[in-house]
K.L.:
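This is the structure I have questions about; it appears just below.
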Amino acid sequence: MSTLFLCDPVCALPYGHNVAALANIKMLMGTYFDNSVCLGSTLLRSDIATKFTIEQFYKFYYSDLMDVCALEKEHGQICPSGHIERRESALFDVHKFLNRWSVGSDDVLCYPSIDFYSIEALTGSISTLQKIKPRRLLLRFIGVMEGASQAYRNTERAMLANICALLSSGINVKLAAETPKYAERLSAELGTTVTVVPSVENCDLMPLPEHDVFNVLAPGSARGDKGFFLLESIFREIRRRTDDLKIRFTCQSLPDNDFRSQMVYCSKLYSIPGVTLLPAAISSEQMVELYRNCDLVLMPYAADVYEFRGSAVLAEAAYYGRPVITFDGIGFADQVRFFRLGSVCADVNEMIASIMAHSAANRIKRESNVQQARYRYVSDATASYAEWFR
Amino acid sequence: MSSMLFVDHAFHKRTRSSDFFIDILRNEFSISVFYVNPSEKIDYDIIEAARNVSYVLIWQMDFLAPIFIAMGKSTIVVPMYDGSILMPDLHWKISSRARFLNFSKALHERVRLLGCNTKLIRYYPEPVPERDIVSFANFNAFFWQRRPDHGVDYAHVVTLLSREVSTLHVHNVPDTGAAVPVPPPEGNFSQTVSTWFESRQDYENILNSCNVFVAPRVAEGIGMATLEAMARGMLVIAHDAPTANEYISNWVNGILFNKDTIPEPLRFGHEAKKLARCAWQSVGLGRSIWISSIPSIIDWIKGAVAAPPSDLDPRILLRDIWFNYFDSLDSYDLYLRRSVVEVSKLSGQPLGDLVDLLAAANPVVRKGSMKAVEFDLLPEEGLVDLLAEECRYLGQGWSYAERDLRWVEGIRSEIHFSEKLKSGESKQLRFEAYASQLLSPIVRCTLQFNGTFLGAFDVRPHWETYSINIPCHLIKERNTITFIFDNAVKPDADNRSLSVAFRWVKIDEIDETSPPLYPMTRANSA
């Protein structure tokens, strides 16, 4: 009996990519196993855990980096604090996991978004893993939590050293990264091949909307590194260059803690004709509707923060069949180019021109472009996962 | 049809600027309108008017909302940015049980971030047909000098416009006070001045001859005049503040200026027509969105839940709120802070949360520190000696022990202790305290025992002993006494913000010879 274990101790929040990653990879690869088990944080809301069949298992090791106070109170828990306590908790969790599920040589352990203390714990469990000999230990790097520790001046080196230890332990470890650029970097640092495994989604292609406006969507809770503070100048300039309100814009606002200090900016964004400014958090049903009604997805992400990172939004746009516009230099720009998922721009001026060009293209051409792009992206992603799991 | 009392400012009886909303409500509710005139004495009939209605909707007069909440009414509040943006936090919190409708995003966010239930709505009038959009052969400006005292005055406007306009019409009718004389024009434009319009049509005729509109007020609640100008396809120039800057994106569909900076002449000749056209288009788009949002507004109103009736006398509440609100903002703020217990009752918000809000608690306090609190057994005589340097019973809020006192730093302090439970025994809490002489004659103190309100009283600026009984059912194995004060002050040459000083606290058997302090709550004060 083979079991696929999808492990994500960081999976605690109801929003973000973690829940979706567990669910989507389980959907894609779970059928190749007799069983699949998803494991998330003990702080994950019970209704979400039930809905997506995720075990609330891991303690949360990152309360210093993510605000989980409300979740701690709700669950009556106190998260481990300090490096030693976090490392020990993670180690304890791995041992508890291996014992509780009697992990054996037919089983695959997969970390879709590997985190720092999981790497520490796996390294600390090498001898146990050597005895168990799991079929595969799959670690996927997405550039978010793998360096998440304040214990070191150079956390990346600690992380890479631990990975090296795992690679040389004889355990069947296979690495993956979300973007080609990140895969290349890891490969160079570790001296091993790294599969490119992008985000996947579980949704059907949606036809482009039939309307006489052109809707530009910048989805996701607003953040500076997602280019939120570029939106006002982009939308405003497009409005100034056009004679009508055909091009319309939808974006989400900042979370409250950030919003308080950015009210003037948000007000300016709000005042632009044809801009809809939604709350920071919306339901998944609302998000689907936004994609359904949009013609273009805008991702003006910061090239320095996203230098190696991918984006679940890119996967959503690809799967729903919506072109994206983004900046050169970010981790997933290569994928946008290669799969013709949209346009890659050098700067804001190019981005403005690109939006206007997309809005001027006829719908039939746009639709055939996205269909072809989707087909290529999905088939390549599926093959990548198969290669990673092989 | 449910019944609704629409409470409005008497000014709107003349201007009819709330009629558009009343007309929407009339389709769904049986409406009676009550106009409140702030320049007249309190009209207690408002309480009777609300007695038998299902809903009360308060337009602009948001400070009256607590009265209807206290009466157990489903209350909807429509505040206006210009009148209410400076209101203190407790002004909103006291109406937490109401539902808010906000025409201003800035005000909506203020109210929302305080945890109130608010819906942002955005009104647009009907735009004129495209054929009726004003032409831009020349630039003819209209300016109603309504509040020159606020900074949008003739001199400022003329500097902004003098380079571009051919004509300027000044309607010199201020909202308050005497009109400021309009000097003869200095520049290449001709000028007309009116001080009166025989009819609305006369006003419209003048406006129809203009294509540049200067928004007359610094801030607005909705901004009807500005919106109507945009709807006509005029170039609108406005001070950069809500609500104007929530409808106008600078140099996209209008022009924003800052009345607090030295004005520079505007150069809009080459762009005016485009800006104005974009304004007209934005009104058209906004109007369709407004119309489609009306059902959701009605649903929002209907979803307002009746507050549980409180034991507060609405007449006394109306009297107290009215006099403090119209006295000054400081008086109103102090009144609300002193009435924090009543605010807690009306809002349903825990007293501790309101205190954290008032004291601008840092995130650690607000999130709830998970640090363990120690509960030590009291000595046999039940004395907590606050002059002891290492006092084991202190929770948050205490400063260091000084020679003969220990101050509370800030407005909240706690004492923790454990108790060997004996059945059915009430206790007496006594303490010696002294209010900072820098504060007003008294410092109001609210006492909580294990989170339950125990009493409220006034601490005087001299050493005095206070006592109050603790009912036995409140006493547990681990206990917390919380002192909450309405004010604190930073003395010269001291970094601390201080409220009340203590010498000792004692929890022991009830001493019949020392009767408990009579809690001086607002309800039974003279």
Side-chain angles (χ1 to χ4, degrees), chain A residues 63-64 66-81 212-213 215 231-250 253-281, chain B residues 81 85 104-110 112-115 118-120 122 124 127 130 223 226 230 236 238 240-254 256 271 273-275 277-289 293 360 363-372:
Chain A
S63 58
D64 57 333
M66 291 162 71
D67 183 3
V68 290
C69 279
L71 294 174
E72 283 178 297
K73 266 191 178 171
E74 195 182 307
H75 292 267
Q77 292 178 30
I78 303 176
C79 295
S81 65
D212 52 9
V213 295
N215 284 331
L231 295 182
E232 196 261 343
S233 56
I234 293 170
F235 297 167
R236 203 162 151 274
E237 186 57 26
I238 288 175
R239 191 55 72 229
R240 281 173 60 78
R241 290 190 196 182
T242 52
D243 290 330
D244 53 35
L245 303 184
K246 179 190 163 195
I247 303 177
R248 310 245 176 112
F249 312 97
T250 304
S253 192
L254 292 162
D256 285 349
N257 279 346
D258 302 320
F259 179 83
R260 283 186 175 92
S261 55
Q262 299 295 342
M263 283 210 201
V264 170
Y265 176 82
C266 291
S267 195
K268 283 186 177 173
L269 195 51
Y270 176 74
S271 72
I272 300 173
V275 170
T276 303
L277 188 57
L278 296 173
Chain B
Y81 175 89
I85 192 61
S104 159
K105 178 156 175 69
L107 192 55
H108 163 79
E109 295 297 346
R110 166 125 174 80
R112 183 184 69 80
L113 289 171
L114 284 169
T118 170
K119 183 178 176 60
L120 176 61
R122 210 174 186 187
Y124 284 88
E130 192 170 358
T226 302
M230 291 171 72
V236 174
D240 190 355
T243 54
N245 69 0
E246 295 179 3
Y247 285 98
I248 295 172
S249 175
N250 201 13
W251 290 96
V252 173
N253 62 342
L256 298 172
E271 290 201 59
K273 189 174 175 183
K274 187 173 160 59
L275 296 174
R277 185 171 178 82
C278 190
W280 175 81
Q281 289 170 332
S282 59
V283 170
L285 174 60
R287 179 71 180 175
S288 64
I289 296 172
S293 73
V364 170
V365 170
R366 240 186 270 122
K367 285 174 190 173
S369 171
M370 298 295 285
K371 245 177 117 172

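As the structure is a prediction and not an experimental result, all values here were calculated from the model.
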K.L.:
With respect to chain B, which residue among A:M263, A:E237, A:R236 yields the maximal number of heavy-atom pairs within a distance under 4.5 Å?
P.N.:
A:R236
K.L.:
Go through the atoms of B:N253 and report whether side chain, backbone, both or neither lie under 4.5 Å from a heavy atom of chain A.
P.N.:
side chain
K.L.:
Considering residues at least two apart in sequence or located in another chain, which fulfil the side-chain contact (heavy atoms from CB on, under 4.5 Å) criterion with B:S288?
P.N.:
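B:S288: side-chain contact (heavy atoms from CB on, under 4.5 Å) contacts with B:L285.
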K.L.:
Considering non-hydrogen atoms only, spot the tightest contact between A:D243 and B:K274 and give its length.
P.N.:
OD1-NZ, 3.4 Å
K.L.:
Answer with side chain, backbone, both or neither: which region of A:L269 has an atom nearer than 4.5 Å to a non-hydrogen atom of chain B?
P.N.:
neither
K.L.:
Quick one: which of A:D244, A:V275, A:V264 has the most heavy-atom pairs under 4.5 Å with chain B, could you say?
P.N.:
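Max contact count across the listed options: A:D244.
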K.L.:
Measuring heavy-atom distances to chain A, does B:L120 have an atom under 4.5 Å in its side chain, in its backbone, in both, or in neither?
P.N.:
side chain
K.L.:
Between B:L256, B:V283, B:D240, B:N245, which has the largest tally of heavy atom pairs under 4.5 Å with chain A?
P.N.:
B:N245
K.L.:
For B:A244 and B:A238, which heavy atoms make the closest approach, and how far apart are they?
P.N.:
CB-CB, 3.6 Å
K.L.:
Between A:T242 and chain B, with a heavy-atom cut-off of 4.5 Å, which part of the residue counts as in contact: side chain, backbone, both or neither?
P.N.:
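Only the backbone of A:T242 comes within 4.5 Å of chain B.
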K.L.:
Using every non-hydrogen atom in the two residues, find where A:S63 and A:P80 come nearest and quote the distance to one decimal.
P.N.:
OG-O, 3.8 Å
K.L.:
Does B:Y81 have any ring-ring contact (aromatic ring centres under 6.0 Å, His included) partners at least two apart in sequence or in another chain, and if so, which?
P.N.:
none
K.L.:
For chain A, which of B:R122, B:R110, B:E109 has the most heavy-atom pairs under 4.5 Å?
P.N.:
B:R122
K.L.:
Looking at A:R239 and A:E232, is any side-chain nitrogen of the basic one under 4.0 Å from a carboxylate oxygen of the acidic one?
P.N.:
no
